[in-house]
Amino acid sequence: MSLKNRLGFTREPVYLIDGSAFVYRGFYAYPDLKRSDGFPTNAMFIVLRLLAKLLREEKPAYLGFVLDGKGPTFRHALMESYKAQRMRMPENLAVQIEPLLEGLGKMGIATIVSHGVEADDVLASLANRFKKDRPVVLVGADKDLQQCLDENVYLWDPSMRKEKLVTLESFRTHQDLVPGQWPDYQALVGDKADNIPGIPGVGPKTALGLLKRFPSLEALRDGFERLSAKEQTRLKPHMEDIFLYRELTRLKTDCCADHVCAQLKINQEDMSAFLDFLDAYEFHSLKREFARDDARDTNASGHKMTGTFVEPVHGEALPDCAGKQVGMILEGKGVRIGLEGREYLFDACSMSLVTALGTAQSIAVPSLKDVLYHHRLWYLVPLGTWFDIGLAEYLLDPEERNYGFERIRDGLSGELDTHPENPALTACRIGELLTKRLEAGDFIPLMRELELPLIPVLVKMEQNGIRLDLEAFAAFLAEVQEKLDQLTTAIYQEAGTTFNIRSSQQLAEVLFDRLGIVSRKKTPGGKPSTSVQALEALADAHPVINSILRYRTLEKLRSTYLEPLPKLVDRENRVHTHFNNLATATGRLSSSKPNLQNIPIRGEFGPRMRGCFIARPGYKLVAADYSQIELRILAHMSKDPHLLDAFARNEDIHARTAALLFDKEPEAIQADERRKAKTINFGLLYGMGPQKLGKDLGLTLKEAKEFIARYFSALAKVKTFYTDVEKRARAHGSVTTIAGRRRLLPDINSRNANLAQQARRMAINTVVQGSAADVIKKAMLAVDRDPLLHKTGSRILLQVHDELVLEVPAENAIEVGERLTVIMSGVYDLDVPLAVDWGIGDNWAQAH
DNA sequence: ACCGAAGA
DNA sequence: TCTTCGGT
């Protein structure tokens, strides 16, 4: 549905497009699109496609396309380093700008090229003037545009798979800021992309806290005395700079005084020149689309209207929910309820509402996790009452990447009898439909006994967070930064040029073209690879290679961990990750914003990195991890006597495998032989074939095949297990884990051998990896419910696939560690023991 | 094999 | 979107 309808505009809105953003995005997103003579057309294509969609769906009357001009802007005059690290426009993109402007002209769209200011400034200035007369929709993704939000100004990004609309209201509920405070906020936090440093150690949480107390930088300066001593020392050295930073972020609202809205009127009376233009650049699909749109005046909203719309009641008389099926949608602070064909709106969550809903038979919601975050009162509704629509869909097909309500609704639209503008009634109906499907697939126990109860545990873990040692982070970062600076000069010298070492493209050019090193490995895309594996093989060819490898590891450390993490801490220096329970095809959790499941552990810097994650004063971290859980599951499922025996005796499994493979006593196994056995053990869990194994072990294809054959003849029951999994996958088109989790693998019966082979590997890996995920999820529930852990004041902080990290009062740490291992090893009764290793420490490194 | 983040 | 690299 168009924005006009959704937002109920009464006057024609004007759309202002941040052209530069889309031009760049298109350029990187579609690197290979070219005309047959080689002229690059990728950026043009993306922009034109975006406009086509916008014209078709929005039917705008006024639209302006704004591009950055060439020269420097006033911001460069304010600060030299501004956007210094951003490269100048690549040649392949620059050549597309003129033709693009020409095309837009023929399309009847007004373009504005900014000079001395950036495109965003033009957008802000025009929005500021036009908003008095009509709604303004800023089309773009730059977060700095949020400062323009107003009752009549909207920010919209339709280019992603899921469009993003920010209104004044949604901004307020999400940000706890007024749009006008955005520049003040950015000045404190900094912005790496624009090279605005911000204040070290001040992340979003701190900045929001400060702005809550002092609404502007001026107020902050004037009230400086009222800050705590710690805050004063942190802020003092930067108090002058932040005013400059704010000027860089603040968009101008007073340029383009001579533009009037009438100039932005779309004029598509004659499209023939534009169609010729599309021909000239070989945009055939776009031409078809425009020719079609030109021919018929479409009027369809594109939305299938089933059921009749029911006007929602503004509820102060509560409906009787007892024993009924209910659907619920959260809208900002408010709540929308649907039952028995009626919808009710409430301004906020309240005790009486929660009590009424608690008597329902079931409440279908798009995401239970969101509900629990919405208000603490929701915890009072019995867990068994909730029905999580996203979760249900995930269990039915874990390979959809999008479990948003809209996607699911549209997928089921054929079977819905509700109006799309009655989302709560729709949710209720979807709940009914999906319940039937879950029953048919035998997913109810998995849903009710594992996945749904896990959600409040995940929320607790996220809210607990884990504490960072900020001093240690700062010292670490300073060291790494200094080494990086030294390496940069060394590399430029050794290579004989300066270039962007972070760019694999430029690096490949320098190494393989300029220095004449012969590349051996290729990327999946067919270009010469500069990965660690590829570079290590070339280490002898040139001294610069080793410097580059070292630069890579340090840069990774800096950019992924050392720099971003301290910015995310709250008042107590704790970071709060998101544990996503609908993210993986195998049933594992994933962690993001920040990802705490890939914090380095190995190598020169791993222990030091994990040492920066600490327990709060008076507490210890207790970490417990399953030992070889996936191989143990393989042992249990295959019933292979060698594996069962090795685990029963708690032997070194890789050494034992090596002994079988090389026909030696386990004591006589060499390190290299153990390494090979380890690689093949892991490889087979991934369903790895001989090519990949050979590559990893440096063997020829023939040797690798023999090696695998030897493995399977020694571990014959593993072989039969593999073929059984494959057979079952063929027969059902899916595989199932111990807890009844299912992954669909339609490709396993494909005539395309590659696809079938890929599906075969997924089948094996999913059974093993997914079952391991079931085991630890069950353990998490048991840990959460354990009275002793509760009594000792333990809190669960992290899950890293086979590991749990708890924070515990120091005096109880040993007791908790012991209890934890008992719980974790006891969740499933397998044919092998589930061994658990654990440790205690003041930080995560020690606890290992 | 399964992820997420950063950079271009 | 692709490449790379950190984790399991």
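Below, chain A is the first sequence line, B the second, and so on; all start at residue 1. Because only heavy atoms are used, hydrogens play no part in the values below, and waters and symmetry mates are left out as well, while side chains stay in. Here the structure is a predicted model, which means the values were calculated and not measured.
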Throw together a table of side-chain donor-acceptor distances under 3.5 angstrom for residues 753-763 of chain A, partners on residues two or more places apart or in other chains.
| from | atom 1 | to | atom 2 | distance (Å) |
| --- | --- | --- | --- | --- |
| A:Q758 | OE1 | A:R761 | NH2 | 2.9 |

[X] [atom1] - [N] [atom2] separation (whole Å):
| X | N | atom1 | atom2 | result |
| --- | --- | --- | --- | --- |
| A:E555 | B:dA5 | CD | P | 17 Å |
| A:R25 | B:dG7 | CZ | C1' | 16 Å |
| A:D747 | B:dA1 | CG | P | 14 Å |
| A:L554 | B:dA6 | CG | C1' | 16 Å |
| A:L634 | B:dA1 | CG | P | 17 Å |
| A:L582 | B:dG4 | CG | P | 12 Å |
| A:I764 | B:dC2 | CD1 | P | 13 Å |
| A:N42 | B:dA8 | CG | C1' | 13 Å |

Mind checking [X] for me? I need base, sugar-phosphate or nothing, with any heavy atom below 4.0 Å counting as a touch.
| X | result |
| --- | --- |
| A:R743 | sugar-phosphate |
| A:S591 | sugar-phosphate |
| A:E563 | nothing |
| A:A772 | nothing |

How about A:R743 and A:T766: does a side-chain donor come under 3.5 Å of a side-chain acceptor?
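Distance-only check passes for A:R743 and A:T766.
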
Side-chain H-bond candidate by donor/acceptor type, A:T530 with A:R552, under 3.5 Å:
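Judged by distance alone, the side chains do pair up.
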
4.5 Å side-chain heavy-atom contact, A:V510 and A:L515:
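A side-chain contact under 4.5 Å exists here.
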
Could you tell me how the ring of A:W844 sits relative to the ring of A:F613: parallel (under 30°), tilted (30 to 60°) or perpendicular (over 60°)?
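Plane angle over 60°, so perpendicular.
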
Which is more 5' along DNA chain B, the nucleotide nearest A:K593 or the one nearest A:E399? Just name the residue.
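The 5'-side residue here is A:E399.
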
Counting only side-chain nitrogens and oxygens, does A:S590 get under 4.0 Å of the OP1 or OP2 atom of B:dG4?
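Answer is yes, contact under 4.0 Å.
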
Sorted by first residue and then second, give each salt bridge (Lys or Arg N to Asp or Glu O under 4.0 Å) pair with at least one member in residues 579-603 of chain A; sequence neighbours left out.
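The answer is A:R588-A:E630.
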
Treat primed atoms plus P, OP1 and OP2 as sugar-phosphate and everything else as base, then score nucleotides 3-8 of chain C 5' to 3': B for base contact with protein heavy atoms under 4.0 Å, S for sugar-phosphate contact only, - for none.
SSBBBB

A:E536 bridged to A:K521 by N-O distance under 4.0 Å
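No, this pair does not count.
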
